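Atoms within a ligand are numbered from 1 in the order they appear, just like the ligands themselves. On a predicted model such as this, the values are computed, not experimentally measured, just so you know.
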Amino acid sequence: MQSTIQVHDKHFEVFIEKNVIEHRINELASQINQDYEGKRPLFLAILNGSFMFAAELMKSVTVACEITFLRVSSYQATESSGKVHQILGLLENIEGRDVIVVEDIVDTGLTMVEIKAQLLAQNPASLSITTLFQKPEALRQPIDIQYIGFEIENKFVLGYGLDYDGLGRNLGDLYVLCE
Ligand code: 5GP
């Protein structure tokens, strides 16, 4: 197996193999199955990055559930307030629903804090978050995440849905930027 790859101008090496990732996703699904027994959660998967995680997770979720996909737009508001994230494409009424947000990676946490606030404003019965990867050292705002796949070091990663300038989302293993 070739373990180092080039994407655009950068080199990446295998960091977490596909079978390890998928084993862990299976564990997250088991936990969700226990916690949501008798409920009918609505999964909100954030595109593009979470498509592979969401697909794998759903295969092991056994409680009755629904899934829909959202995008988050990011734009510069003012120089002082920085970037603002807005949810696009949420057509479902989430009032009174048990919502589980499905994210690829939480880095600074700023995106997730804003998504969470916008979803809570719509009065779901409950809201929890699952992210496949989290970089604890990069976190700039405290945020409660109920289901975390892997805590990883603060380095740029690629694969398993995550891209580098559009490429690499299709890679089954997770890669990390070579030093
Ligand atoms: P945050 O607002 O938590 O800083 O950013 C979260 C978003 O940044 C993720 O949904 C993802 O799109 C992107 N991101 C953060 N870290 C990485 C990384 O290491 N690799 C890739 N490909 N995207 C990342």
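- The closest heavy-atom contact to atom 23 (N) of ligand 1, among the options V72, N48, L162, I115, comes from L162.
- At a 4.0 Å heavy-atom cut-off, ligand 1 touches K155 through the backbone alone.
- I152 places a side-chain heavy atom less than 4.5 Å from the side chain of F15.
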Per-pair distances, 0.1 Å, donor-acceptor, side chain in residues 56-66, under 3.5 Å, sequence neighbours excluded:
unit_1 : atom_1 : unit_2 : atom_2 : d
E56    : OE1    : K59    : NZ     : 3.0
S60    : OG     : N26    : ND2    : 3.0
T62    : OG1    : N33    : OD1    : 3.4
T62    : OG1    : N33    : ND2    : 3.2
E66    : OE2    : R40    : NH1    : 2.3
E66    : OE2    : R97    : NH1    : 3.4
E66    : OE2    : R97    : NH2    : 3.1

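- Heavy-atom separations between K135 and ligand 1 include at least one value shorter than 4.0 Å.
- Under a 4.0 angstrom heavy-atom cut-off, G109 registers as being in contact with ligand 1.
- Per-residue contacts place E103 under 4.0 angstrom from the following atoms of ligand 1 (heavy atoms of the residue considered): 10 (O).
- Those atoms of ligand 1 with a heavy atom of F156 less than 4.0 angstrom away are 18 (C), 19 (O), 20 (N), 21 (C), 22 (N).
- I105 counts as a contact of ligand 1, since one of its heavy atoms falls under 4.0 Å from the ligand.
- When distances from atom 8 (O) of ligand 1 to the protein are checked, no heavy atom turns up under 4.0 Å.
- Relative ring orientation between H8 and Y164 is described as perpendicular, the plane-to-plane angle rising above 60° on a 0-90° scale split at 30° and 60°.
- Under a 4.0 angstrom heavy-atom cut-off, M112 registers as lying outside contact with ligand 1.
- Between E92 and L44 there is no side-chain heavy-atom pair separated by less than 4.5 Å.
- For the pair L90/L119, a side-chain contact is recorded, criterion being any heavy-atom separation below 4.5 Å from C-beta on.
- Relative to atom 5 (O) of ligand 1, the option among T111, D104, V106 with the closest non-hydrogen atom is T111.
- Nearest non-hydrogen protein atom to atom 4 (O) of ligand 1 is T108 OG1, 2.5 Å.
- For the atom pair L47 CG and L70 CG, the distance stands at 7.5 Å (nearest 0.5 Å).
- Given atom 20 (N) of ligand 1, the protein heavy atom at minimum distance is V157 O, 2.7 Å.
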Side-chain donor-acceptor distances from residues 153-162 under 3.5 Å, at least two apart:
unit_1 : atom_1 : unit_2 : atom_2 : d
Y160   : OH     : E22    : OE2    : 2.9

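- Ranking protein heavy atoms by distance to atom 22 (N) of ligand 1, first place goes to D163 O, 2.7 Å.
- In this structure, R71 and N48 have side chains that are in contact, with non-hydrogen atoms separated by less than 4.5 Å.
- Residues D35 and Y147 meet the side-chain proximity criterion, which asks for heavy atoms closer than 4.5 Å.
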